[in-house]
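In what follows, a structure is listed as C-alpha coordinates, so that the remarks can point back to it.
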2 protein chains.
Amino acid sequence: EYRLVSGIAHDLNVAKIGLFNVPDRPGIAKQIFKALADEHINVDMIIQSWMRDGRNDISFTVTRNDLHKALPVVERVANEIGASGVAYNDRVAKVSIVGAGMVTNPGVAAAMFEALADEGINIEMISTSEIKISCVIAEDQAIKAVRALHAKFFEQQS
Amino acid sequence: EYRLVSGIAHDLNVAKIGLFNVPDRPGIAKQIFKALADEHINVDMIIQSWMRDGRNDISFTVTRNDLHKALPVVERVANEIGASGVAYNDRVAKVSIVGAGMVTNPGVAAAMFEALADEGINIEMISTSEIKISCVIAEDQAIKAVRALHAKFFEQQS
Ligand SMILES: C[C@@H](O)[C@H](N)C(=O)O
Ligand SMILES: C[C@@H](O)[C@H](N)C(=O)O
(Lines give C-alpha, C1' and ligand atoms only; values in the text may rest on other atoms or scores of the structure.)
(Ligands and ions follow the chains in the order given, each with its own letter.)
Protein backbone atom coordinates (compact mmCIF):
# COMPACT_ATOMS: atom_id res chain seq x y z
CA GLU A 1 0.00 0.00 0.00
CA TYR A 2 2.66 2.52 0.91
CA ARG A 3 5.00 1.54 -1.94
CA LEU A 4 3.06 4.13 -3.99
CA VAL A 5 4.75 6.93 -2.08
CA SER A 6 8.01 7.83 -3.79
CA GLY A 7 9.08 10.85 -1.80
CA ILE A 8 8.57 13.27 1.06
CA ALA A 9 9.03 17.00 0.58
CA HIS A 10 9.06 19.90 3.02
CA ASP A 11 9.21 23.64 2.56
CA LEU A 12 9.91 26.15 5.33
CA ASN A 13 9.72 29.19 3.07
CA VAL A 14 5.94 29.33 3.47
CA ALA A 15 3.48 31.93 4.72
CA LYS A 16 -0.29 31.47 4.64
CA ILE A 17 -2.84 34.20 3.98
CA GLY A 18 -6.60 33.85 4.43
CA LEU A 19 -9.49 36.02 3.22
CA PHE A 20 -12.67 35.47 5.17
CA ASN A 21 -16.30 35.68 4.08
CA VAL A 22 -15.70 36.62 0.47
CA PRO A 23 -18.90 36.78 -1.62
CA ASP A 24 -19.34 33.44 -3.36
CA ARG A 25 -20.09 34.71 -6.87
CA PRO A 26 -18.28 34.45 -10.20
CA GLY A 27 -15.27 36.73 -10.61
CA ILE A 28 -14.14 36.94 -6.97
CA ALA A 29 -11.28 34.44 -7.23
CA LYS A 30 -10.17 36.11 -10.44
CA GLN A 31 -10.10 39.53 -8.76
CA ILE A 32 -7.94 38.29 -5.88
CA PHE A 33 -5.41 36.37 -7.94
CA LYS A 34 -5.18 38.81 -10.82
CA ALA A 35 -4.27 41.54 -8.30
CA LEU A 36 -1.51 39.28 -6.93
CA ALA A 37 -0.33 38.33 -10.43
CA ASP A 38 -0.13 42.02 -11.41
CA GLU A 39 2.38 42.47 -8.59
CA HIS A 40 4.30 39.35 -9.74
CA ILE A 41 3.61 37.55 -6.48
CA ASN A 42 4.03 33.79 -6.72
CA VAL A 43 1.20 31.88 -5.11
CA ASP A 44 1.66 28.21 -4.20
CA MET A 45 -1.34 26.42 -2.66
CA ILE A 46 -4.77 27.95 -3.29
CA ILE A 47 -7.50 26.42 -1.13
CA GLN A 48 -11.20 27.11 -1.14
CA SER A 49 -13.58 24.77 0.61
CA TRP A 50 -17.38 24.68 0.95
CA MET A 51 -19.56 27.82 0.72
CA ARG A 52 -21.66 28.91 3.75
CA ASP A 53 -24.63 31.27 3.37
CA GLY A 54 -23.35 32.72 0.09
CA ARG A 55 -19.91 33.40 1.54
CA ASN A 56 -16.62 31.53 1.40
CA ASP A 57 -13.06 31.67 2.73
CA ILE A 58 -10.11 31.51 0.34
CA SER A 59 -6.63 30.82 1.65
CA PHE A 60 -3.32 30.49 -0.13
CA THR A 61 0.38 30.33 0.51
CA VAL A 62 3.23 32.55 -0.68
CA THR A 63 6.95 32.55 0.06
CA ARG A 64 7.91 34.35 3.24
CA ASN A 65 9.80 37.00 1.33
CA ASP A 66 6.67 37.80 -0.70
CA LEU A 67 4.44 38.19 2.36
CA HIS A 68 5.11 41.92 2.86
CA LYS A 69 4.31 42.52 -0.83
CA ALA A 70 1.20 40.31 -0.86
CA LEU A 71 -0.53 41.64 2.27
CA PRO A 72 -1.30 45.21 1.08
CA VAL A 73 -2.65 43.80 -2.20
CA VAL A 74 -4.86 41.30 -0.39
CA GLU A 75 -6.14 43.92 2.04
CA ARG A 76 -7.02 46.28 -0.80
CA VAL A 77 -8.91 43.56 -2.68
CA ALA A 78 -10.59 42.35 0.55
CA ASN A 79 -12.02 45.88 0.93
CA GLU A 80 -13.10 46.04 -2.71
CA ILE A 81 -15.01 42.76 -2.56
CA GLY A 82 -16.37 43.20 0.96
CA ALA A 83 -14.54 40.34 2.70
CA SER A 84 -14.89 40.37 6.48
CA GLY A 85 -11.18 40.17 7.14
CA VAL A 86 -7.68 38.97 6.29
CA ALA A 87 -5.24 36.94 8.39
CA TYR A 88 -1.74 35.66 7.88
CA ASN A 89 0.85 33.48 9.55
CA ASP A 90 4.47 33.08 8.49
CA ARG A 91 5.41 30.56 11.18
CA VAL A 92 4.18 27.64 9.07
CA ALA A 93 5.69 24.92 6.91
CA LYS A 94 4.43 22.63 4.18
CA VAL A 95 5.04 18.88 4.27
CA SER A 96 4.04 16.70 1.32
CA ILE A 97 4.08 13.09 0.22
CA VAL A 98 4.50 12.48 -3.48
CA GLY A 99 3.77 9.45 -5.65
CA ALA A 100 1.93 8.41 -8.76
CA GLY A 101 -1.39 6.66 -8.23
CA MET A 102 -1.77 7.64 -4.58
CA VAL A 103 -5.22 8.96 -5.07
CA THR A 104 -6.60 5.63 -6.12
CA ASN A 105 -5.45 4.17 -2.83
CA PRO A 106 -7.57 5.63 -0.03
CA GLY A 107 -5.26 4.43 2.69
CA VAL A 108 -2.36 6.69 1.73
CA ALA A 109 -3.92 10.00 2.79
CA ALA A 110 -5.20 8.40 6.00
CA ALA A 111 -1.72 7.05 6.72
CA MET A 112 -0.17 10.50 6.27
CA PHE A 113 -2.70 12.09 8.62
CA GLU A 114 -2.13 9.23 11.09
CA ALA A 115 1.65 9.73 11.07
CA LEU A 116 1.17 13.41 11.92
CA ALA A 117 -1.57 12.74 14.49
CA ASP A 118 0.60 10.18 16.33
CA GLU A 119 3.17 12.94 16.87
CA GLY A 120 0.50 15.36 18.11
CA ILE A 121 0.95 17.58 15.03
CA ASN A 122 -2.10 19.67 14.12
CA ILE A 123 -2.91 20.00 10.42
CA GLU A 124 -3.75 23.61 9.54
CA MET A 125 -4.48 23.29 5.80
CA ILE A 126 -4.78 20.35 3.38
CA SER A 127 -4.56 20.27 -0.39
CA THR A 128 -4.27 17.21 -2.60
CA SER A 129 -3.79 16.23 -6.22
CA GLU A 130 -3.42 12.82 -7.88
CA ILE A 131 0.28 12.66 -7.16
CA LYS A 132 0.72 14.83 -4.09
CA ILE A 133 -0.82 15.36 -0.65
CA SER A 134 0.28 18.56 1.14
CA CYS A 135 -0.34 19.66 4.70
CA VAL A 136 0.43 23.06 6.23
CA ILE A 137 1.56 22.69 9.84
CA ALA A 138 3.29 24.86 12.44
CA GLU A 139 6.90 25.62 11.47
CA ASP A 140 8.32 24.17 14.68
CA GLN A 141 6.75 20.78 13.91
CA ALA A 142 8.29 20.43 10.44
CA ILE A 143 11.34 18.35 11.34
CA LYS A 144 9.30 16.02 13.56
CA ALA A 145 6.73 15.69 10.76
CA VAL A 146 9.30 14.78 8.10
CA ARG A 147 10.81 12.14 10.41
CA ALA A 148 7.37 10.69 11.19
CA LEU A 149 6.43 10.54 7.50
CA HIS A 150 9.73 8.89 6.68
CA ALA A 151 9.18 6.26 9.34
CA LYS A 152 5.59 5.69 8.17
CA PHE A 153 6.25 5.33 4.48
CA PHE A 154 9.80 4.15 4.14
CA GLU A 155 10.76 2.28 7.25
CA GLN A 156 7.67 0.30 8.18
CA GLN A 157 6.99 -3.03 6.52
CA SER A 158 3.49 -2.55 5.23
CA GLU B 1 2.77 33.01 -20.22
CA TYR B 2 0.13 30.48 -21.07
CA ARG B 3 2.48 28.14 -22.94
CA LEU B 4 3.06 26.50 -19.54
CA VAL B 5 -0.39 24.93 -19.68
CA SER B 6 -0.19 21.59 -21.48
CA GLY B 7 -3.70 20.27 -21.01
CA ILE B 8 -7.23 20.72 -19.75
CA ALA B 9 -9.03 17.92 -17.95
CA HIS B 10 -12.59 17.53 -16.78
CA ASP B 11 -14.35 14.90 -14.70
CA LEU B 12 -18.11 14.57 -14.36
CA ASN B 13 -17.98 11.53 -12.07
CA VAL B 14 -17.59 13.77 -9.03
CA ALA B 15 -19.55 14.27 -5.82
CA LYS B 16 -18.46 16.61 -3.05
CA ILE B 17 -18.93 16.01 0.67
CA GLY B 18 -18.35 18.56 3.42
CA LEU B 19 -17.98 18.19 7.20
CA PHE B 20 -18.61 21.41 9.07
CA ASN B 21 -17.11 22.68 12.30
CA VAL B 22 -14.87 19.75 13.06
CA PRO B 23 -12.62 20.26 16.12
CA ASP B 24 -9.26 21.56 14.90
CA ARG B 25 -6.99 19.23 16.90
CA PRO B 26 -4.54 16.49 15.91
CA GLY B 27 -6.11 13.19 14.86
CA ILE B 28 -9.37 14.48 13.38
CA ALA B 29 -8.35 14.26 9.73
CA LYS B 30 -6.92 10.81 10.39
CA GLN B 31 -10.20 9.64 11.94
CA ILE B 32 -12.26 10.81 8.95
CA PHE B 33 -10.03 9.41 6.21
CA LYS B 34 -9.14 6.16 7.97
CA ALA B 35 -12.87 5.42 8.29
CA LEU B 36 -13.27 6.02 4.55
CA ALA B 37 -10.18 3.97 3.72
CA ASP B 38 -11.48 1.07 5.82
CA GLU B 39 -14.51 0.99 3.51
CA HIS B 40 -12.24 1.15 0.44
CA ILE B 41 -13.71 4.47 -0.65
CA ASN B 42 -11.49 6.39 -3.07
CA VAL B 43 -11.16 10.05 -2.16
CA ASP B 44 -9.93 12.52 -4.79
CA MET B 45 -9.57 16.16 -3.66
CA ILE B 46 -9.21 16.79 0.09
CA ILE B 47 -9.54 20.45 0.99
CA GLN B 48 -9.16 22.10 4.37
CA SER B 49 -8.79 25.83 4.61
CA TRP B 50 -8.24 28.21 7.55
CA MET B 51 -9.37 27.40 11.13
CA ARG B 52 -11.97 29.62 12.87
CA ASP B 53 -12.41 29.62 16.64
CA GLY B 54 -10.84 26.18 17.05
CA ARG B 55 -13.08 24.66 14.40
CA ASN B 56 -12.58 23.88 10.75
CA ASP B 57 -14.44 22.56 7.71
CA ILE B 58 -13.04 19.65 5.70
CA SER B 59 -14.40 18.86 2.25
CA PHE B 60 -13.46 16.21 -0.25
CA THR B 61 -14.64 14.60 -3.45
CA VAL B 62 -15.50 11.00 -4.25
CA THR B 63 -16.84 9.34 -7.38
CA ARG B 64 -20.61 9.51 -7.76
CA ASN B 65 -20.95 5.76 -7.41
CA ASP B 66 -19.13 5.87 -4.05
CA LEU B 67 -21.34 8.62 -2.62
CA HIS B 68 -23.96 6.27 -1.15
CA LYS B 69 -21.18 4.24 0.53
CA ALA B 70 -19.29 7.31 1.79
CA LEU B 71 -22.19 9.23 3.35
CA PRO B 72 -23.06 6.83 6.19
CA VAL B 73 -19.36 6.58 7.10
CA VAL B 74 -18.97 10.36 7.14
CA GLU B 75 -22.15 10.84 9.19
CA ARG B 76 -21.00 8.30 11.76
CA VAL B 77 -17.58 9.96 12.10
CA ALA B 78 -19.17 13.44 12.17
CA ASN B 79 -21.16 12.32 15.23
CA GLU B 80 -18.10 10.76 16.89
CA ILE B 81 -16.00 13.93 16.53
CA GLY B 82 -18.81 16.41 17.21
CA ALA B 83 -18.97 18.10 13.79
CA SER B 84 -21.95 20.40 13.37
CA GLY B 85 -23.11 18.80 10.15
CA VAL B 86 -22.48 17.09 6.82
CA ALA B 87 -23.52 18.17 3.32
CA TYR B 88 -23.10 16.71 -0.13
CA ASN B 89 -23.76 17.52 -3.76
CA ASP B 90 -23.42 15.15 -6.69
CA ARG B 91 -24.36 17.67 -9.38
CA VAL B 92 -20.79 18.96 -9.63
CA ALA B 93 -17.84 18.53 -11.96
CA LYS B 94 -14.10 19.09 -11.73
CA VAL B 95 -12.20 21.09 -14.35
CA SER B 96 -8.42 21.30 -14.23
CA ILE B 97 -5.53 22.85 -16.08
CA VAL B 98 -2.31 20.90 -16.09
CA GLY B 99 1.26 21.90 -16.81
CA ALA B 100 4.74 21.84 -15.33
CA GLY B 101 5.97 25.04 -13.74
CA MET B 102 2.54 26.74 -13.59
CA VAL B 103 2.88 27.60 -9.97
CA THR B 104 5.88 29.78 -10.54
CA ASN B 105 3.85 31.89 -12.92
CA PRO B 106 1.21 33.75 -10.89
CA GLY B 107 -0.78 34.73 -13.94
CA VAL B 108 -1.86 31.20 -14.82
CA ALA B 109 -4.25 30.65 -11.89
CA ALA B 110 -5.67 34.15 -12.35
CA ALA B 111 -6.20 33.43 -16.06
CA MET B 112 -8.09 30.23 -15.27
CA PHE B 113 -10.34 31.98 -12.78
CA GLU B 114 -10.86 34.79 -15.31
CA ALA B 115 -11.88 32.39 -18.07
CA LEU B 116 -14.51 30.88 -15.76
CA ALA B 117 -15.66 34.28 -14.43
CA ASP B 118 -16.15 35.66 -17.94
CA GLU B 119 -18.64 32.84 -18.56
CA GLY B 120 -20.46 33.56 -15.30
CA ILE B 121 -19.30 30.22 -13.83
CA ASN B 122 -19.12 30.12 -10.02
CA ILE B 123 -16.16 28.29 -8.49
CA GLU B 124 -17.31 26.07 -5.61
CA MET B 125 -13.96 24.57 -4.51
CA ILE B 126 -10.33 25.17 -5.45
CA SER B 127 -7.29 22.96 -4.97
CA THR B 128 -3.85 23.42 -6.53
CA SER B 129 -0.49 21.71 -6.79
CA GLU B 130 2.64 22.65 -8.72
CA ILE B 131 1.41 21.07 -11.91
CA LYS B 132 -2.36 21.23 -11.62
CA ILE B 133 -5.10 23.70 -10.70
CA SER B 134 -8.55 22.15 -10.11
CA CYS B 135 -11.91 23.84 -9.66
CA VAL B 136 -15.19 22.22 -8.66
CA ILE B 137 -18.11 23.86 -10.46
CA ALA B 138 -21.77 23.02 -11.12
CA GLU B 139 -22.14 20.02 -13.41
CA ASP B 140 -24.21 21.90 -15.97
CA GLN B 141 -21.35 24.41 -16.46
CA ALA B 142 -18.70 21.80 -17.27
CA ILE B 143 -18.88 21.88 -21.06
CA LYS B 144 -18.93 25.68 -21.13
CA ALA B 145 -15.99 25.74 -18.74
CA VAL B 146 -13.87 23.37 -20.82
CA ARG B 147 -14.55 25.44 -23.94
CA ALA B 148 -13.68 28.68 -22.14
CA LEU B 149 -10.43 27.20 -20.78
CA HIS B 150 -9.52 25.91 -24.21
CA ALA B 151 -10.10 29.32 -25.75
CA LYS B 152 -8.09 31.02 -22.98
CA PHE B 153 -5.05 28.78 -23.01
CA PHE B 154 -4.86 27.31 -26.47
CA GLU B 155 -6.52 29.68 -28.88
CA GLN B 156 -5.54 33.13 -27.68
CA GLN B 157 -2.19 34.59 -28.68
CA SER B 158 -0.70 35.61 -25.40
C1 LIG C 1 -15.39 32.48 -3.77
C2 LIG C 1 -15.03 32.54 -5.22
O3 LIG C 1 -14.28 31.41 -5.57
C4 LIG C 1 -16.21 32.63 -6.16
N5 LIG C 1 -17.08 31.49 -6.01
C6 LIG C 1 -15.69 32.71 -7.57
O7 LIG C 1 -16.11 32.02 -8.42
O8 LIG C 1 -14.84 33.47 -7.87
C1 LIG D 1 -9.20 19.65 11.26
C2 LIG D 1 -8.13 18.62 11.27
O3 LIG D 1 -7.39 18.68 10.09
C4 LIG D 1 -7.20 18.70 12.45
N5 LIG D 1 -6.51 19.98 12.49
C6 LIG D 1 -6.20 17.57 12.35
O7 LIG D 1 -5.06 17.75 12.47
O8 LIG D 1 -6.60 16.47 12.15
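Numbered from 1 within each chain, the chains take letters A, B, ... in sequence-line order.
- Atom CZ of A:Arg76 has more than 12 neighbouring heavy atoms from other residues, nucleotides or ligands inside a 6.0 Å radius.
- Put simply, of A:Leu36, A:Leu116, A:Val136, A:Asp57, the one with the most heavy-atom pairs under 4.5 Å next to chain B is A:Asp57.
- Using modelled atom types, no side-chain atom of B:Ser129 and backbone atom of A:Lys132 make a donor-acceptor pair closer than 3.5 Å.
- For a residue to count as touching a neighbouring chain, one of its non-hydrogen atoms must lie under 4.5 Å from one of that chain's; by this rule B:Ile17 touches chain A with the backbone only.
- By the criterion of side-chain heavy atoms lying less than 4.5 angstrom apart, applied directly or through intervening Ile, Leu, Val, Met, Phe, Trp or Tyr residues, A:Val86 is not grouped with B:Trp50; the two fall into different hydrophobic clusters.
- With contacts defined as side-chain heavy-atom distances shorter than 4.5 Å, the pair A:Lys34/B:Glu114 qualifies.
- Listed for the A:Thr128 side chain is no donor-acceptor partner under 3.5 Å among the backbone atoms of B:Ile47.
- No side-chain heavy atom of A:Gln31 sits less than 4.5 Å from a side-chain heavy atom of B:Phe113.
- For the options B:His40, B:Arg52, B:Met125, B:Arg25, heavy-atom pairs under 4.5 Å to chain A are most numerous at B:Arg52.
- The number of heavy-atom neighbours closer than 6.0 Å to OH of A:Tyr88, taken from other residues, nucleotides and ligands shown, is 12 or below.
- Looking at B:Ile131, only its side chain comes within 4.5 Å of chain A, counting heavy atoms on both sides.
- For a residue to count as touching a neighbouring chain, one of its non-hydrogen atoms must lie under 4.5 Å from one of that chain's; by this rule B:Ala35 does not touch chain A.
- B:Ser49 pairs with exactly one of A:Ser59, A:Ser49, A:Ser127 by the side chain to side chain donor-acceptor pair (under 3.5 Å) rule, that one being A:Ser59.
- B:Val14 and B:Leu71 are assigned to two separate hydrophobic clusters, defined by single-linkage of ILVMFWY side chains at heavy-atom distances under 4.5 Å.
- Among B:Ala87, B:Ala109, B:Gly27, the residue making the largest number of heavy-atom pairs under 4.5 Å with chain A is B:Ala87.
- B:Val98 and B:Leu149 fall into different hydrophobic clusters, where Ile, Leu, Val, Met, Phe, Trp and Tyr side chains are chained together by heavy-atom contacts under 4.5 Å.
- At a 4.5 Å heavy-atom cutoff, the contact between A:Ile41 and chain B is made by backbone atoms alone.
- A 4.5 Å side-chain heavy-atom check between B:Asp24 and A:Asn122 finds at least one atom pair inside the cut-off.
- Open room surrounds CG on A:Asp53; 12 or fewer heavy atoms of other groups in view lie less than 6.0 Å from it.
- Per-residue heavy-atom pair counts under 4.5 Å with chain B were compared for A:Ala110, A:Ala117, A:Ser134, and the maximum is reached by A:Ala110.
- Residues B:Asn56 and A:Glu124 come closest through the heavy atom pair ND2-O, 4.0 Å.
- A:Ile126 and A:Val92 are not part of a single hydrophobic cluster, where members link through side-chain heavy atoms under 4.5 Å apart.
- Note: the hydrophobic cluster containing A:Val43 does not contain B:Met45 (ILVMFWY, side chain heavy atoms under 4.5 Å, direct or indirect links).
- In plain terms, the two heavy atoms of A:Ile121 and B:Pro26 that are nearest each other are O-CB, 3.7 Å.
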Trace of the salt bridge (charged side-chain N to carboxylate O under 4.0 Å, His left out) decision for A:Lys94 with B:Glu130: CA-CA 13 Å; A:Lys94 183 172 80 168; B:Glu130 280 75 8; 3.5 Å; yes

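- From B:Phe33, atom CZ reaches atom CE of A:Met112 across 12.5 Å, with rounding to the nearest 0.5 Å.
- The distance from atom CG of B:Asn89 to atom CE of A:Met51, rounded to the nearest 0.5 Å, is 9.5 Å.
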